[in-house]
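Structure record follows, encoded as structure tokens.
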Amino acid sequence: MPKPDSSLNSKFIFVTGGVMSGLGKGVTAASVGRLLSNAGFTVTAVKIDPYLNVDAGTMNPYQHGEVYVLKDGAEVDLDLGNYERFLGIEMTSDHNITTGKVYQHVINQERTGDYLGKTVQIIPHITDDIKRRIRAVAEGHDVCIVEVGGTVGDIESMPFLEALRQLSHEESNNCVLFLHVTLIPHSKNEEPKTKPTQHSVKELRSIGIQPDLIVGRSATSLDDEVRQKIALFCDVPAEAVFSNPDLEDIYHLPMSLEEEALDEYVMERLNLLENSLPIPDRDTTWRQSVTAPKNEEVNIALVGKYGLEDAYISVYEALKHAGISHGVQVNTLWVQSEILDDGDTSFLSKLELDGIVIPGGFGSRGTPGKINAIRYARESGVPYLGLCLGFQLAVVEYARNVLNLKDAHSSEIHPETSNPVIDLLPDQHDIDELGGTMRLGELETHIQENSLAHSLYGSNSCLERHRHRYEVNPNYIDSLEEFGLKFTGKSGPRMEILEVPGHPYFFGTQFHPEFTSRPTNPSPPFLGLVHAALKHSSTKNNKK
Ligand code: GLN
């Protein structure tokens with residue numbers, strides 16, 4: 001495939017949001033990136049989170065959704081997961097800029113005397129630092145997409161928008177585009193309303209930013225009349241107004257934007273067209289994967305503390321990826337673990353499950369329910385995948401019900417237990433700061449030959465991302481193994497993978513394989529689960 005000229009200077013697409021948050025701005029931005037990457041360009045992304053937290057590590061998933069973990073151990077907003085999945089790239093802490101990070105750096109510099117004699121101000125010192133960070137990420141890439149979290153008009157995002165405004169003036173012509181994602185609600189009589197968009201664009205213009213493209217999020221595609229109206233009021237050409245309608249799968253958004261020729265418009269405006277791959281040569285792997293037919297279906301329960309999709313988004317997506325690869329529709333059923341706390345698992349039996357996943361988590365709420373779900377999976381032969389806390393609780397369940405250590409527990413949840421089968425990592429004892437202090441990021445696991453893990457990964461080792469403070473207590477490993485639980489993945493003295501031989505699929509990982517799963521490159525433990533779930537479903541159907 002011919003490669004476009006890689007000596008281009010970076011181009012920037014700045015993505016802002018209007019009317020309300022949660023519009024799918026990140027998915028829109030990531031889809032634009034996917035299209036440019038299909039056309040042969042190297043694309044990277046920056047997510048700006050205007051909150052004061054230095055990172056998302058200490059934030060509650062209930063409010064902010066999942067904390068996504070990057071290769072370098074950075075704990076970031078879930079939008080970075082979308083960028084990694086859509087663009088197939090690996091990002092680092094530098095790709096997530098927060099107010100906390102910027103101010104911490106500028107204030108530290110002030111303290112060390114770097115600004116000696118000067119008054120340190122938002123403009124230029126904070127804005128300069130923001131621009132420096134964006135340029136550093138963009139370097140070496142054809143296109144850098146920068147998404148500003150929140151909505152235009154938020155006090156917190158002001159310095160960031162000002163920095164983007166300045167950057168757009170500093171870069172040469174045809175280097176920067178502002179893309180505004182906004183909501184087009186429908187009135188009671190189904191009429192699309194553009195007034196909120198007009199207001200948010202007015203807000204944007206009052207701070208000196210004129211959007212170049214507008215993407216309207218609405219139930220259906222925007223018709224010509226609506227496009228014309230937005231064009232007129234917001235001062236953009238009608239061909240620069242695009243739709244982001246409700247779709248059956250977010251992975252179809254790149255194709256939906258492509259149908260409206262958003263990619264051509266963006267490339268033309270950024271002067272990239274002549275370096276883009278001709279349409280027949282563009283990469284279609286994404287399209288082929290996400291539209292592959294699904295001939296069968298399986299039901300998999302995700303048993304977590306929160307009955308909230310955003311809190312476990314990477315797990316949900318990883319299940320989908322494994323489904324794509326097996327040609328299977330994975331129906332993810334959200335189960336709040338607390339409802340299983342009393343030990344009655346009839347709720348699970350009624351769901352006709354083909355698999356159970358217990359994701360990562362912290363704290364004690366709903367853990368009895370999770371342990372009951374694990375016991376149910378182990379005893380009834382329903383395929384099980386435990387991730388991080390789901391791995392640790394599988395050890396607890398095994399210790400209690402197979403080794404008969406009735407009070408076995410994780411010392412995180414029950415510090416007084418006389419059998420702490422899961423205990424604090426040795427290097428976690430003297431830590432008193434909570435931000436960024438866990439065992440974090442990509443680490444290598446050595447995999448035992450002739451194990452399920454080995455057949456899934458097809459290798460003697462794997463690199464996966466971590467986020468935990470507790471681990472399997474080394475004092476219990478021998479007895480657990482004597483009673484049949486096998487630790488087939490290890491990282492030095494640490495247990496990383498567990499299996500129960502003889503069970504159709506009972507697999508747990510101390511790491512989080514969901515963070516490296518991609519639609520075009522699914523995660524091995526998830527592939528294994530969906531494979532086993534398929535088998536489970538066909539035996540179930542045969543019995544009927
Ligand atoms: N709370 C557990 C620990 O700190 C598990 C963490 C997780 O599931 N990410 O080890």
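We count ligands from 1, going down the list as the structure has it; atoms in each ligand are counted the same way.
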Quiz item: Are Asp249 and Lys320 ion-paired here, with the side-chain N under 4.0 Å from a carboxylate O?
Solution: yes
Quiz prompt | Basic-acidic side-chain contact under 4.0 Å: Lys71, Glu90 | solution = yes
Self-check item: Under-4.0 Å salt bridge between Glu397 and Arg378
Solution: yes
Quiz item: For residues 499-509, which residue pairs qualify under side chain to side chain donor-acceptor pair (under 3.5 Å), counting only residues two or more places apart or in two chains?
Solution: Thr488-Glu499
Show the distances, to 0.1 Å, for all pairs joining an N/O atom of ligand 1 and a protein N/O atom that are shorter than 3.5 Å, listing one pair per line.
| from | atom 1 | to | atom 2 | distance (Å) |
| --- | --- | --- | --- | --- |
| ligand 1 | 1 (N) | Gly361 | O | 2.9 |
| ligand 1 | 1 (N) | Glu412 | OE1 | 2.8 |
| ligand 1 | 1 (N) | Glu412 | OE2 | 3.0 |
| ligand 1 | 4 (O) | Arg469 | N | 2.9 |
| ligand 1 | 8 (O) | Gly361 | N | 2.8 |
| ligand 1 | 8 (O) | Gly361 | O | 3.4 |
| ligand 1 | 8 (O) | Leu389 | N | 3.1 |
| ligand 1 | 9 (N) | Arg467 | O | 2.9 |
| ligand 1 | 9 (N) | His512 | NE2 | 3.1 |
| ligand 1 | 10 (O) | Gln392 | NE2 | 3.0 |
| ligand 1 | 10 (O) | Arg469 | N | 3.1 |
| ligand 1 | 10 (O) | Tyr470 | N | 2.9 |

Quiz prompt | Test of ring centre spacing under 6.0 Å for Phe86 and Tyr251 | solution = yes
Self-check item: Tyr68 and Phe515 aromatic centres sub-6.0 Å
Solution: yes
